Amino acid sequence: MSHFVLIDGNSIANRAFYALPLLSTSAGLHTNAVLGFTTMLLKVLEEMKPTHIMVAFDAGKVVFRHSEYADYKGGRAKTPPELSEQFPLIRELLDAFSIKRFELEGYEADDIIGTLTKTADEQDWKTTVITGDKDMLQLVSEHVSVALTRKGVSEIELYTPQEIQEKYGLKPLQIIDLKGLMGDTSDNIPGVPGVGEKTALKLLHEYGSVEEVLENIDRVSGKKLQENLRENVDKAKMSKELATILREAPVELDVQETGYTGYDGVTLSDFFKKMEFKSLLSKIKVEAPDDGQAANAAPFQYEVISAENAEKYADKLTSPMAVYVEMDGDNYHHSPIVGFGLSADDVNLFVPWDVAKEWKAFCQWLADGSQEKWTFDGKRDTVGLAWHELDIKGINFDVYLASYLLNATESNPTLDSIASQYAQVRVRSDEEVYGKGAKRLLPEMDVLSEHAAHKAAAIWQSVPVLREQLTENQMNELLNDLEAPLSMVLALMEKQGIKVNRDRLTQMGVELDAKLEELTKQIYELAGTTFNINSPKQLGEILFDVLDLPVLKKTKTGPSTSADVLEKLAPYHPIIDAILIFRQLGKLRSTYIEGLTKEIHSQSSKVHTLYNQATTATGRLSSTEPNLQNIPIRMEEGRKIREAFIPSEEGWYMLAADYSQIELRILAHISGDENLIDAFRNGMDIHTRTAMDVFGVSEEQVTSLMRRQAKAVNFGIVYGISDYGLSQNLNITRKEAGDFIERYFSVFAGVKQWMEDIVKQAKQDGFVTTLLHRRRYLPDIRSSNFNLRSFAERTAMNTPIQGTAADVIKLAMIRMQEALQEKGLKSRMLLQVHDELVFEVPQDELETMKNLVPEVMESALELQVPLKADVNFGHSWYDAK
DNA sequence: TCGATCACG
DNA sequence: ACGTACGTGATCGAC
């Protein structure tokens, strides 16, 4: 049966461009949209096996078929030059694929596709439209499906009339009514103000179409909504018209011409070479396609090692070699080990755990630092194996860290996604192999062994491609001198763990229980009824319906009951204070008493966190199971939790050192603002100094209110300031906040200049970097959507600051671990909390460490201003203040 | 599974 | 005019 595939070329190119990092060839040609387009095409050809295929493009000036609305598409951002220059390449790509392309002067791709699907409908052809544009769902019919790309262009979601019914409860043609009511900012379709997807769907479910809604305005529920509809009748009608895809374009195309018989492998591979798509080369058949039989590369082969045949394979253990340690479970402090996948040029092996641990040659090879290993998450391997008394040394490349550095926005890279980007072998996701949630179970050994061998092969194949891209981004040092050594330092810290006094926690829990019980009683009495205080919904009903308190802020689901709202409501009713305390204590009990107790390791009686080195967009670490980076400190009751964190050896001390104002110091350095640099060089209290400058007073005249406000301004600066954000924080008007900011910028003109420059730079490059070349892509920086763009602009200002601070403390940690080793100290580094390091220290090393730790931290990186670290110690983390 | 809330820097 | 502070993770209730 024939299958006609129609591709919306402009939409796919746009999607691909904004979803992928701005890659370029060594000659400086941008290729990310071409790459995304290619990936999509290969997928479509393989999965849909079209007999006919074509790609439609917009061409020339779009004819204003809606002359009554000249703004049409006016709000659309100009196509950035980095994308426009790729369109000729995409045309070349299609020619290389032997795929027919089509454009029509004065018409958009939508119109061409709309017209062709109409013909297809009339002739009973099975047709699929590929696009990123939801508007196109209106074309769906019995014969026509629409495939929407997701996550950029890597995934496809197929819509038939059934799916549209399930997802929206609408018929395909009603998608037009949906757009008419809710509008579409990216296409500059206005819609009805105040009507979003939810409201629009509700209206359509009731009335069926825009026209019917407009005829029944009086029956619509909601005064405001009625008013909005009444005032925007014309807008709604026009929006619907704008959203309607033209199906009568003068397309003169003989569908038979789009018949597809495959591509010429040589032409296509030449094109890939020119684009430097190395990982794609092996995915295509280089001989000309023949009978359509899959003439793929040799099937994947691997061998399973047994106790009997192991010796025969000893000489296959080479350097370098890819190693994947397959474990059963996500938390490697507890996971049993399944076995090892190994891979090199001409060999793929699987060594089951029972065989591995008895195989001497293998264990020696594994522990031999001169035998180079390539891994995926070497920290996981190191710690996981350490729990089973096995050493792994010589880790020389970590594809997990590498792929994170290349794109930090896609957090927690998985091996299956890395493989699909950089390797030829296909790796199934762990979820697919093990099942997820309650359905998780350990699969058969042959499934596991193949899975592990695939992973090792994927590592092996990815390394050369990753190396090349790292070089291009100037990230080799960042990986080799920062992230990779850091991962081994973190491995030590995680395996070491931190001692937690369980009895102390239990005792605090008992006290909390008593207080919570008392508070619960009080709250029920004040409310006149019992309810679940932990449910924002039920609490909202009590506060705003029963007690009739004013609603100051709303969330998507109802009135907000968050702490900042409750604080403002406190004067109205005594129940508020009780609720605030209940929340505070409840949090302590569930998260920090019960949660932390659950995490105490049965084997070591300590807590062993997992530091995630590839999660954050800025380069910071994060900590889970348990999160030791958010242990309370601001309120005294919570801070007491820190009394339970104690040294693991008799007579030792806890020592904590934190950077003072590291982010503002970094801002001083990178902005080069002379005033800010001067302030830090003179060792001044930066908030007081800011208050002096902003309020124009002398040091003695700075009141505590002025200092507090200046402090908030400094925070705002680091976050990428806005008058609204500052006004919320300080509870002042927007105007007042705006005045503060203006005064700040007139005093710190260098900071202002830097902020303007960095946003400009980000718009140009599509990314920002830290001092050590860490990179964050900002796909929304050129968005026409004000919110998205503003967010990206604030991120452009914040990320270099927060990210450089992360770089600095990471450097300090590496130096610190080296120093401990060199000096033969017994002290151990246990925790990192963004700008703080925590150690346990024997008494006779206290004096040494009190000097050494700040010294190492302060000299981690030389800036135009001094770095400063304060150090404290005591018998618990609480006392190290 | 998601949103609200709140703990940290 | 637009509607927000930057970066995380854990717990709970509601769906």
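Note that the structure is predicted; figures quoted are calculated from it, not measured. In the text below, chain A, chain B and the rest are named by the order of the sequence lines, each starting its count at 1.
Regarding contacts with the backbone of C:dG7, every side-chain N or O of A:Thr799 stays at 4.0 angstrom or more from both OP1 and OP2. One finds no side-chain N or O of A:Arg583 lying less than 4.0 angstrom from the OP1 or OP2 phosphate oxygen of B:dT5. Within the structure, every side-chain polar atom (N or O) of A:Arg794 is placed at least 4.0 Å from both OP1 and OP2 of C:dA5. For B:dT1, one of the phosphate oxygens OP1 or OP2 lies less than 4.0 angstrom from a side-chain nitrogen or oxygen of A:Lys436. Between A:Thr561 and B:dT5 there is a side-chain N or O to OP1 or OP2 distance below 4.0 Å. Distances shown here put every side-chain N or O of A:Ser790 at or beyond 4.0 Å from the OP1 or OP2 atom of C:dG3. Residue A:Asn532 has a polar side-chain atom (N or O) positioned under 4.0 Å from OP1 or OP2 of C:dG13. Look at A:Thr555 and you'll find a side-chain N or O under 4.0 angstrom from OP1 or OP2 of B:dA4. In this structure, A:Lys537 reaches the C:dC15 phosphate: one of its side-chain N or O atoms is under 4.0 Å from OP1 or OP2. Of the side-chain N and O atoms in A:Thr615, none sit less than 4.0 angstrom from OP1 or OP2 of C:dT8.
Sequence order on DNA chain C of the closest nucleotides to A:Lys587 and A:Glu594 puts A:Lys587 first from the 5' end.
Across the protein-nucleic acid pair, A:Glu567 atom CD and B:dT5 atom P stand 13 Å apart, rounded to whole Å. Atom CD1 in A:Ile732 sits about 13 Å away from atom C1' in C:dA5, given to the nearest Å. One can place CZ of A:Arg589 at 12 Å from C1' of C:dT11, the figure rounded to the nearest angstrom. If you take CZ of A:Arg774 and P of C:dC6, they are 20 Å apart, rounded to a whole angstrom. Taking atom CD1 on A:Ile721 and atom P on C:dC6, their separation rounds to 12 Å, with Å as the unit. For A:Glu541 and C:dA14, the CD to P distance is 9 Å, given to the nearest whole Å. Rounded to an integer number of Å, the gap from NZ of A:Lys810 to C1' of C:dG7 is 13 Å. Across the protein-nucleic acid pair, A:Ile662 atom CD1 and C:dC6 atom C1' stand 16 Å apart, rounded to whole Å.
Using a 4.0 Å heavy-atom cutoff across all strands shown, A:Ile633 reaches sugar-phosphate atoms only and no base atom. Residue-level contact check: A:Asn627 touches the backbone only, with heavy atoms under 4.0 Å from sugar-phosphate atoms and none from bases. Within the nucleic acid shown, A:Ala796 has no heavy atom closer than 4.0 Å to any nucleic acid atom. Among the atoms of the strands shown, only primed sugar atoms or phosphate atoms (P, OP1, OP2) are found under 4.0 Å from some heavy atom of A:Ala563. A:Ala617 comes within contact range of the sugar-phosphate backbone alone, with a heavy-atom separation under 4.0 Å but no base atom that close. Within 4.0 Å (heavy atoms only), A:Glu836 reaches no atom of the nucleic acid at all. Within 4.0 Å of A:Leu588, counting heavy atoms only, lies no atom of the nucleic acid at all. In this structure, A:Gln538 reaches the sugar-phosphate backbone alone: every heavy-atom distance under 4.0 Å involves primed, P, OP1 or OP2 atoms, never a base. Nucleic acid contact class of A:Gln802 (heavy atoms, under 4.0 Å, all strands): base. The residue A:Val718 sits apart from the nucleic acid: no heavy atom pair falls under 4.0 Å. Residue A:Gly720 is out of contact with every strand shown, counting any heavy-atom pair closer than 4.0 Å.
Remark: the A:Thr804 side chain and the A:Asp807 side chain contain no N/O donor-acceptor pair separated by less than 3.5 Å. Defined by atom type and a distance below 3.5 Å, a donor-acceptor pair is present between the side-chain atoms of A:Tyr400 and A:Asn412.
If you check C:dG13 for Watson-Crick or wobble pairing at under 3.5 angstrom, you find it paired to B:dC2. C:dC2 is unpaired under the Watson-Crick or G-U wobble criterion, no partner having all donor-acceptor distances under 3.5 Å.
In the set B:dA4, B:dG9, C:dG9, the nucleotide with an atom closest to the side chain of A:Thr557 is B:dA4. Nearest nucleotide to the A:Ser722 side chain, out of C:dT4, C:dA5, C:dG9: C:dT4. Listed candidates were C:dT11, C:dG9, C:dG3. Nearest to the side chain of A:Arg734 is C:dG3. With distances taken from any side-chain atom of A:Arg620 to the nucleotides C:dT4, C:dG9, B:dG9, the minimum falls on B:dG9. Distance from the side chain of A:Phe791 is smallest for C:dG7 among the nucleotides C:dA5, B:dA7, C:dG7. Candidate nucleotides C:dC6, B:dC8, C:dC2 were compared by shortest atom distance to the side chain of A:Thr795, and C:dC6 ranks first. Here the side chain of A:Tyr719 is nearest to one of C:dG9, C:dT11, B:dG9, namely B:dG9.
Among A:Arg380, A:Glu494, A:His608, the single residue meeting the side-chain hydrogen bond (donor to acceptor under 3.5 Å, both in side chains) criterion with A:Tyr332 is A:Glu494.
In this structure a side-chain-to-backbone donor-acceptor pair under 3.5 Å is missing from A:Tyr592 to A:Gly638. With hydrogens and angles disregarded, no donor-acceptor distance shorter than 3.5 Å links the side chain of A:Tyr878 to the backbone of A:Phe645.
Nucleotides C:dT4 and B:dG3 place their P atoms 15 Å apart, quoted to the nearest Å. Across the P atoms, C:dG3 and B:dA7 are found 29 Å apart, a figure rounded to whole Å.
Taking the charged nitrogens against the carboxylate oxygens, A:Glu567 and A:Lys553 have no contact shorter than 4.0 Å, which rules out a salt bridge. A salt bridge links A:Asp739 to A:Lys735: at least one charged side-chain nitrogen sits closer than 4.0 Å to a carboxylate oxygen. The existence of a salt bridge linking A:Lys515 and A:Glu511 is excluded, since no basic side-chain nitrogen approaches an acidic carboxylate oxygen closer than 4.0 Å. A salt bridge is defined here as a Lys NZ or Arg NE, NH1 or NH2 lying under 4.0 Å from an Asp or Glu carboxylate O, and A:Glu637 with A:Lys587 fails to meet this definition.
No donor-acceptor contact under 3.5 Å links the side chain of A:Ser622 to the base of C:dT8. In this model, no side-chain donor or acceptor of A:Arg776 finds a partner on the base of C:dG7 within 3.5 Å. Between the side chain of A:Gln629 and the base of B:dC8 there is no donor-acceptor pair of N/O atoms closer than 3.5 Å.
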